[in-house]
Amino acid sequence: MLTITLEALIVPLFVLGGMGLLLGLGLAYAADVLKVEIDARIEKVIELLPGFNCGACGYPGCAGFGEGIVEGEVEQLSLCKPGKDSDYNAIMEYLKSTPGPDGKIVEVKK
Amino acid sequence: MTWTVFAVAIFNAMLINNVILKQFLGICPFLGVSKKSSSAVGMGAAVTFVMVIASFVTYAIYSYVLVPYGIEYISTIAFILVIASLVQLVEMILKKFSKPLYKSLGIYLPLITTNCAILGVAEGNISNIYTNYGSSGMWLAVFTALGTALGFTLIIFAFSSVREKLESSNVPDAWKGVPISLVVAGIMSIAFLGLQGIL
């Protein structure tokens with residue numbers, strides 16, 4: 001008959017939990033030390049993109065495309081092939097209504 | 001263990017049992033990040049960093065935590081935990097100190113987490129080295145990982161250089177892009193078969 005001791009259940013739990021806690025704390029510390037200030041709009045625009053990471057726009061993933069839009073490198077939102085009109089409009093409206101840290105507004109075509 | 005053992009381990013892992021061309025691990029970044037040789041070298045450096053440190057840490061965890069408690073069966077999930085944390089760390093470092101490289105690696109950088117080459121080396125160290133040497137094989141494991149990572153970097157760099165040349169060469173329409181690259185990868189793999197049996 002198969003018997004399961006309490007120890008056999010608890011030990012792996014504690015080992016993995018302890019490792020996770022240690023590594024997590026280490027990463028939290030590293031994130032604090034290596035913090036980079038980024039434009040808050042970039043994150044919002046990435047959120048508004050479809051998020052397929054298909055690469056059809058020519059950027060490596062949606063994060064790169066979103067950054068490109070906010071930095072004014074991207075000329076047309078329709079480079080994003082899976083994007084629909086509603087996605088493009090949402091991004092254009094958001095960028096129109098939100099000026100950057102330097103007070104400038106990003107203009108981008110559909 | 002003498003230096004010859006380490007040298008042989010590096011040479012063996014780098015050229016004879018090359019991780020990409022012989023063991024077919026880590027193919028995703030091999031095909032994904034090999035369009036430009038500069039980003040290929042960056043990818044190789046990131047993989048080297050993660051692979052060497054991950055091998056060291058996973059070997060230590062296996063021999064000093066998992067074996068004493070008799071819970072070797074959770075090695076895979078414990079190793080993934082270590083690798084994922086290291087990749088997060090590399091991502092932060094690159095974002096802080098090398099923005100262009102961070103951009104050119106894109107989605108392939110977080111994907112190192114699921115790169116089978118790294119887990120493959122960590123698990124291979126356990127099954128090949130730990131079973132023979134026990135916890136004293138730690139440095140051998142680290143040098144094996146270093147050799148594997150150097151082999152990965154060498155091959156991804158060579159492959160990206162070939163792909164850069166292919167861009168400007170006259171390839172038939174149906175073969176342009178990925179198909180001809182896959183043929184190149186196959187020929188490289190056959191070429192490396194010639195190193196078989198040296199050691």
Side-chain angles (χ1 to χ4, degrees), chain A residues 2-39 42-43 46 49-74 79-80 82, chain B residues 28-29 31-36 39-40 42-43 53-54 57-58 60-62 64-111 113 177-178:
Chain A
L2 183 73
T3 50
I4 302 173
T5 59
L6 193 61
E7 200 192 317
L9 285 174
I10 287 180
V11 166
L13 207 68
F14 272 80
V15 167
L16 272 186
M19 272 175 64
L21 193 69
L22 274 180
L23 293 168
L25 285 176
L27 277 183
Y29 177 72
D32 199 42
V33 172
L34 301 169
K35 199 163 58 184
V36 183
E37 296 286 332
I38 55 161
D39 196 332
I42 294 175
E43 227 161 277
I46 294 171
L49 285 167
F52 289 112
N53 279 321
C54 63
C57 53
Y59 285 82
C62 294
F65 189 60
E67 218 176 311
I69 294 174
V70 175
E71 281 170 7
E73 288 171 15
V74 177
L79 285 172
C80 178
Chain B
C28 165
L31 292 173
V33 204
S34 54
K35 273 189 192 145
K36 259 168 45 196
S39 49
M43 188 72 197
I53 297 183
V57 176
T58 55
I61 285 177
Y62 189 84
Y64 298 117
V65 181
L66 301 189
V67 172
Y69 285 116
I71 45 171
E72 294 93 335
Y73 64 90
I74 62 164
S75 66
T76 306
I77 193 164
F79 290 2
I80 284 287
L81 198 60
V82 171
I83 294 167
S85 313
L86 279 171
V87 171
Q88 286 291 310
L89 185 67
V90 172
E91 202 178 337
M92 288 178 207
I93 292 174
L94 279 184
K95 206 172 181 180
K96 176 95 178 172
F97 296 111
S98 176
K99 205 69 202 285
L101 185 58
Y102 177 77
K103 269 189 181 170
S104 68
L105 292 180
I107 190 70
Y108 289 99
L109 186 58
L111 278 182
T113 310
V178 178

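Residue numbers begin at 1 in each chain, while the letters A, B, ... track the order of the sequences.
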Region of A:Ala30 that comes under 4.5 Å of a non-hydrogen atom in chain B: both
Region of A:Glu67 in contact with chain B, defined by heavy-atom distances below 4.5 Å: side chain
Closest non-hydrogen atom pair, B:Tyr73 against A:Ala8: OH-O, 3.9 Å
Smallest separation among heavy atoms of A:Val15 and B:Val65, with atom names: CG1-CG1, 3.7 Å
Give, as side chain, backbone, both or neither, the part of [X] having an atom under 4.5 angstrom from any heavy atom of chain A.
{"X": "B:Ile93", "value": "both"}
{"X": "B:Phe97", "value": "side chain"}
{"X": "B:Val33", "value": "neither"}

Ring pair (Phe, Tyr, Trp, His ring centres under 6.0 Å) partners for B:Tyr102, two or more places apart: none
For the [atom1] atom on [X], are there more than 12 heavy atoms of other groups (residues, nucleotides or ligands in this structure) within a distance under 6.0 Å?
{"X": "B:Lys96", "atom1": "NZ", "result": "yes"}
{"X": "A:Ile4", "atom1": "CD1", "result": "no"}
{"X": "A:Glu43", "atom1": "CD", "result": "no"}
{"X": "A:Lys35", "atom1": "NZ", "result": "no"}

[atom2] on [Y] to [atom1] on [X], rounded to 0.5 Å:
{"X": "B:Leu66", "Y": "A:Met19", "atom1": "CG", "atom2": "CE", "value": "7.5 Å"}
{"X": "B:Ile71", "Y": "A:Leu13", "atom1": "CD1", "atom2": "CG", "value": "10.0 Å"}
{"X": "B:Ile74", "Y": "A:Leu16", "atom1": "CD1", "atom2": "CG", "value": "4.0 Å"}
{"X": "A:Leu34", "Y": "B:Gln88", "atom1": "CG", "atom2": "CD", "value": "12.0 Å"}
{"X": "A:Asn53", "Y": "B:Tyr108", "atom1": "CG", "atom2": "OH", "value": "10.0 Å"}

Contact leader toward chain B among A:Ala31, A:Gly20, A:Ala63, where contacts are heavy-atom pairs under 4.5 Å: A:Ala31
Check against side chain to side chain contact (heavy atoms under 4.5 Å, CB included), B:Met92 and A:Val33: CA-CA 10 Å; B:Met92 288 178 207; A:Val33 172; over 6 Å; no
side-chain hydrogen bond (donor to acceptor under 3.5 Å, both in side chains) partners for B:Ser39, two or more places apart: none
